[in-house]
Novice: 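Please find one structure pasted underneath; my questions will follow.
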Amino acid sequence: MSLTNKDGDTARVEVDEPHDSVARGPKSEAVLTVLRGQNPGVLYTLEGSGAVIGRSPDVAVTIPDDTLSRQHARIQRLGNAYAIEDLDSTNGTFVDGERVRSARALEDGCRISLGSRTVLHFRLHDAVELEAARQTQALTVRDPLTGAFNRRHLQERLASEAAFARRHGAHLSLLLLDIDHFKQINDVHGHTAGDTALRALSQALAALARAEDVLARYGGEEFALVVRGIDHSGSLMLAERMRKIAAEQRVKTDAGAIAFTVSVGVAHCAAGKNCDAQRLFEAADRALYAAKDAGRNCVGVEAT
């Protein structure tokens, strides 16, 4: 292509094909973002032909809100279009303030109210926008160094898991882990070695955790694992496995490979108990300090 300026000079301009990240595709990928309720800002992508929303842990979009029914509403995909229907919920489903009484089409940007506390924002994205939305979401809930969840997400999820445990009479455990003498690793071998140790520990813990568990970095060298549905002895067994796998990690340095250990504090709320997130965290913290006082590289336990 050629362009001519006011003086009559002509220049040829090369026009490249649009890059894949610039070219617009069909806005056919649906995303739900929590505007109000538990965990505001959390993003859910809708995949496949449909997704059920509710407070049950067995549905595609689980929202910890006691005013939602276990299976509250269903979003269905019809080609590149989406529709929502209420599943005979107790407190109703609303789209932009109007109650859903039969299948209703969803438009980009509409707001979905569920029960009396939860409001979701429905958006349509193309593939590039969807990936950007996922990356933005990851930045808000993940620790950039280790990839584990961050402290804010831990606090939100621990509160919702405690509510779930109370409602369903389920076991809930919290494990707090701290790398022993971490300052010495940084002082002697440098912060690069310390960062490598943190990443190695996070990856090892993630390999042991289940999909429903919540692994988070909540301090400099401190990690937390929220574990649903295992009893007290199971929690202790898991803590011991984590202590052992931490001791197996090796960090490469200029002076050779170094090892490190962790202390673990375990707090458990038995099924049927009135589980409280704050009390559970405080109990796990006391158990962690007890493990350190006992000489480190061991597991401490505290009742809630």
Side-chain angles (χ1 to χ4, degrees), residues 30-48 50-76 82-101 103-104 106 109-123 133-134 137-138 140-142 149-174 210-214 216 224 226-229 269 271-281:
V31 170
L32 296 173
T33 305
V34 179
L35 294 181
R36 190 179 71 190
Q38 286 278 6
N39 304 331
V42 168
L43 178 147
Y44 300 93
T45 57
L46 302 180
E47 300 176 354
V52 174
I53 307 170
R55 60 177 171 82
S56 169
D58 301 320
V59 300
V61 179
T62 301
I63 298 178
D65 180 349
D66 288 337
T67 70
L68 267 61
S69 298
R70 290 179 59 80
Q71 296 188 13
H72 195 99
R74 179 189 290 114
I75 294 180
Q76 291 183 301
Y82 292 82
I84 189 170
E85 62 177 330
D86 185 76
L87 298 178
D88 295 324
S89 66
T90 301
N91 294 316
T93 300
F94 300 80
V95 174
D96 290 336
E98 295 184 7
R99 186 158 191 158
V100 174
R101 301 191 183 278
R104 169 171 175 156
L106 292 173
C110 69
R111 295 187 179 187
I112 302 170
S113 300
L114 305 170
S116 61
R117 301 186 190 131
T118 297
V119 178
L120 307 176
H121 193 206
F122 177 83
R123 292 302 310 271
R134 285 174 170 163
Q137 168 67 9
T140 65
V141 300
R142 295 280 182 181
F149 287 115
N150 58 28
R151 187 185 186 103
R152 175 188 171 187
H153 187 75
L154 168 67
Q155 292 171 330
E156 293 172 346
R157 284 294 303 275
L158 182 58
S160 64
E161 289 295 331
F164 179 92
R166 290 194 301 270
R167 185 167 61 246
H168 296 278
H171 294 288
L172 184 66
S173 300
L174 176 63
R210 305 168 301 173
E212 62 267 34
D213 297 336
V214 182
V226 183
V227 185
R228 178 199 291 180
C269 185
K273 277 191 145 186
N274 184 25
C275 189
D276 178 81
Q278 184 62 33
R279 287 203 302 269
L280 192 67
F281 190 91

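Basis for what follows: all heavy atoms, side chains included, without hydrogens, waters or symmetry-related copies. The shown structure was predicted, so the numbers you read here are calculated from the model rather than taken from an experiment.
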Novice: Please enumerate all residues that pass side chain to side chain contact (heavy atoms under 4.5 Å, CB included) together with Q278, with sequence neighbours excluded.
Specialist: D276, E282
Novice: Let me check something: any side-chain donor-acceptor pairs from residues 163-170 under 3.5 Å, sequence neighbours excluded? List them with distances.
Specialist:
from: R166; atom 1: NH1; to: C275; atom 2: O; distance (Å): 2.6
from: R167; atom 1: NH1; to: D66; atom 2: OD1; distance (Å): 2.2

Novice: Q71: what forms a side chain to side chain contact (heavy atoms under 4.5 Å, CB included) with it, not counting sequence neighbours?
Specialist: V52, V59, L87
Novice: Going through the distances and angles, do L32 and I75 end up as a side chain to side chain contact (heavy atoms under 4.5 Å, CB included)?
Specialist: CA-CA 11 Å; L32 296 173; I75 294 180; 4.0 Å; yes
Novice: Side chain to side chain contact (heavy atoms under 4.5 Å, CB included) for F281 and L174? Distances and angles first, verdict last.
Specialist: CA-CA 7 Å; F281 190 91; L174 176 63; 3.7 Å; yes
Novice: Just wondering, do I63 and Y44 contact through their side chains at under 4.5 Å, heavy atoms?
Specialist: yes
Novice: Between L158 and V214, is any pair of side-chain heavy atoms under 4.5 Å apart?
Specialist: no
Novice: As an exercise, state the distance from CZ of R228 to CD of E161, rounded to the nearest 0.5 Å.
Specialist: 4.0 Å
Novice: R210: which residues meet the salt bridge (Lys or Arg N to Asp or Glu O under 4.0 Å) condition with it, sequence neighbours left out?
Specialist: E212, D213
Novice: If you round to the nearest 0.5 Å, how far is CD of Q76 from OH of Y82?
Specialist: 12.0 Å
Novice: Taking only residues two or more places apart in sequence or in another chain, which ones pass side chain to side chain donor-acceptor pair (under 3.5 Å) with N91?
Specialist: none
Novice: Output yes when a side-chain donor or acceptor of T62 lies under 3.5 Å from a complementary backbone atom of S56, and no otherwise.
Specialist: yes
Novice: Enumerate the residue pairs fulfilling salt bridge (charged side-chain N to carboxylate O under 4.0 Å, His left out) with a member in residues 87-99, sequence neighbours excluded, ordered by first and then second residue.
Specialist: E98-R104
Novice: Within the 4.5 Å heavy-atom criterion, are V226 and L154 side-chain neighbours or not?
Specialist: yes
Novice: Among all residues two or more places apart in sequence or in another chain, which pass the side chain to side chain donor-acceptor pair (under 3.5 Å) test with E85?
Specialist: R74
Novice: Under 3.5 Å, side-chain donor or acceptor atoms of residues 111-122 against the rest of the protein: list the pairs with distances, not counting sequence neighbours.
Specialist:
from: R117; atom 1: NH1; to: D65; atom 2: OD1; distance (Å): 3.4
from: T118; atom 1: OG1; to: D65; atom 2: OD2; distance (Å): 2.7
from: H121; atom 1: NE2; to: G109; atom 2: O; distance (Å): 3.3

Novice: Applying side chain to side chain contact (heavy atoms under 4.5 Å, CB included), can you list everything that pairs with S89, at least two apart in sequence or on another chain?
Specialist: S69, H72, D86, T93
